[in-house]
Amino acid sequence: MSLNTLTKSTLSLSFALALAACQTPPVRTTQAPVAMQQSEVNFEFAHADYRTINQALEQGELTSAELVTYYLQRIRAHNQQGAELRAVISLNPDALAEAETLDKARKQGDVRGSLHGIPVLLKDNIDTADGLANTAGSLLFAENFPEDDAALVKNLRAQGAIILGKANLSEWANFRSTRSSSGWSGVGGLARNPYDTTRSTCGSSAGSGAAVAADFTTFAVGTETDGSLVCPGAVNGIVSIKPTLGLISRDGIIPISHSQDTAGPMTRSVAGAVTLMQAMASYDGSDAASFRTDTVFTQYLNEDGLEGKRIGVVRNLMGYNELLDNQFEQQLEVLEAQGATLVDVEMPTYGEYGDAEFTVLLYEFKQDMANYLATTQLPYRNMADLIEANNMTEADEPRYQKALEKSKRLAGAEGIDAMLADHDLDLLVAPTTGPSWKIDLVNGDHYAGSASSPAAVAGYPHITVPMGYIELPKQPKLPVGISFFSTAHAEPVLIEAAYSYEQATQHRQPPQLSATATHLD
């Protein structure tokens, strides 16, 4: 959740405890063993994407142990030291040993799947049964050691992925205060943007986005209720996919809303994001939103994917940042040059259904959190146990149902679906969100605008891809993203468009991490 919509009275107890303990909470990072002297490897590690890494592994130019060692060195250099990104909360102490085991298996011809030997960081609201706590960033959950992997984690392991550790996040996925600062958690401290450490990572998949951008991992997994995959994706200069609701099981994920929550991939390329999404996707009979699909998403990585597409340009999701709009207008020329037809459209905006969405989230957060707590060994069973002073107004069932119908209708049937049908369109585009704002620990986040809500509320897919950089006087260049979104189960169309755009532009440039952080705490 990246919208600061929760009432001030619902600040979590862990937030209050952390502030009472210290202004800058220590990062709770398990120190994994790492050899600081690498063997000579003829491989360019820095910011390598999935395809480059996987090809090197397949051809014997690189081992998974070498790759894990590289990432552990990066984390050691810049997580709590150096740039002080605080993107990682904990590390898997067995990651290097797992990599060595997978290297031996590869040599014997035993390759588990598309992610064999590839490191993945998980947002710290996803269960693992490997001794890593699942904290949601809260001190109250610091001893939450799940007994079972989340369904998506089982899928990742089955494909040969190495769980490198847990990424920092906005505590309680940012659903805690009207003045929260994205990326802050009582357990992990404040995650920072690697392009400018005085600026926000956006949230709540803050650490996941920053870690991928800073080259702490090949892949990261985030979660989104509204904006928490695509916003940190855009402001950290990476690719992120929010899939159709139910494509990836929500089992074992600390929740906000069963109507909107989903996990999704965060990577440095569209091909990597699609591969990771494919690995996580599966049917789960215990998840009411889950559905079966035999779609092979990677087959839609088509360089000519924009050819013949009819694309709606959502003009009323613009206008909040002139520099952003100028950059976006230039990208429209790229879309046309690649064979797309553009049509200007306008659709219902967050202002028309934001209150209804908020009502839905308040109701579902209480119920869904109680359901998750029932699966843990923690001494809490409901929101009353978790919040020091629970002044939240409970939404009654009729109010909730009315709000759910309104928000889904305006975002979906009368929003995205209506625009597609009325103009015979394949997909819609808009700027994902503005450039990252200065961190403000007093007043919280300074959101100007975003394209996240329509697809988030409707439960539809949304991909953000780097579309260049905003240059401000005497400031580091700030990445911004372009959003591709459409109706339910439209991932193939979006993948074609996003991949074709990415290949035509190649906008992404890695951040330059300073040896010493320049931010002020």
Practice problem: Return the set of residues passing ring pair (Phe, Tyr, Trp, His ring centres under 6.0 Å) with Y283 (not counting sequence neighbours), or none when no residue passes. | Solution: none
Practice problem: Fit a plane to each ring of Y380 and F141, take the angle between them on a 0 to 90° scale, and name the class: parallel (under 30°), tilted (30 to 60°) or perpendicular (over 60°). | Solution: parallel
Residues in side-chain contact (heavy atoms from CB on, under 4.5 Å) with [X], at least two apart?
| X | value |
| --- | --- |
| T375 | Y372 |
| A455 | K242, I416, Y460, H462, F485 |
| N316 | V314, E346, M347, T349 |

Side-chain touch [X]/[Y], heavy atoms, less than 4.5 angstrom:
| X | Y | value |
| --- | --- | --- |
| T376 | R381 | yes |
| L115 | L156 | yes |
| L324 | M467 | yes |
| F291 | T244 | yes |

Under a plain distance cut-off of 3.5 Å, with no hydrogens placed, do [Y] and [X] share a side-chain donor-acceptor pair?
| X | Y | result |
| --- | --- | --- |
| S228 | S204 | yes |
| D130 | T128 | yes |
| K123 | S205 | yes |
| T201 | N193 | no |
| E405 | Q401 | no |
| T198 | K438 | yes |
| Y501 | Q331 | yes |
| S269 | E502 | no |

Exercise. Carefully, step by step, assess E357 and Q260 under the rule side chain to side chain donor-acceptor pair (under 3.5 Å).
Key: CA-CA 10 Å; E357 180 197 22; Q260 295 180 208; 2.9 Å; yes
Quiz prompt | Atom pair OG (S182) and CD (E171), whose distance is rounded to the nearest 0.5 Å | solution = 13.0 Å
Quiz prompt | Nearest-0.5 Å distance that lies between atom CG in L132 and atom NZ in K166 | solution = 6.0 Å
Quiz item: Can you list the steps and then say if T223 with N125 is a side chain to side chain donor-acceptor pair (under 3.5 Å)?
Solution: CA-CA 8 Å; T223 66; N125 63 349; 3.1 Å; yes
Exercise. Scan for ring pair (Phe, Tyr, Trp, His ring centres under 6.0 Å) pairs involving residues 218-252, sequence neighbours excluded, and state none if there are none.
Key: Y50-F219
Practice problem: Any pair with a residue in residues 414-441 that passes ring pair (Phe, Tyr, Trp, His ring centres under 6.0 Å), sequence neighbours left out, goes on the list, sorted by first then second residue, please. | Solution: W437-Y447
Quiz item: Do the charged groups of D148 and K154 touch, with an N to O distance under 4.0 Å?
Solution: yes
Quiz item: Do E364 and S259 pass the side chain to side chain donor-acceptor pair (under 3.5 Å) test, and can you show the C-alpha distance, the side-chain angles, and the key distance before you say yes or no?
Solution: CA-CA 8 Å; E364 294 187 355; S259 292; 2.5 Å; yes
Quiz item: Knowing that exactly one of N174, N168, T135, D124 qualifies, which makes a side-chain hydrogen bond (donor to acceptor under 3.5 Å, both in side chains) with S185?
Solution: N168
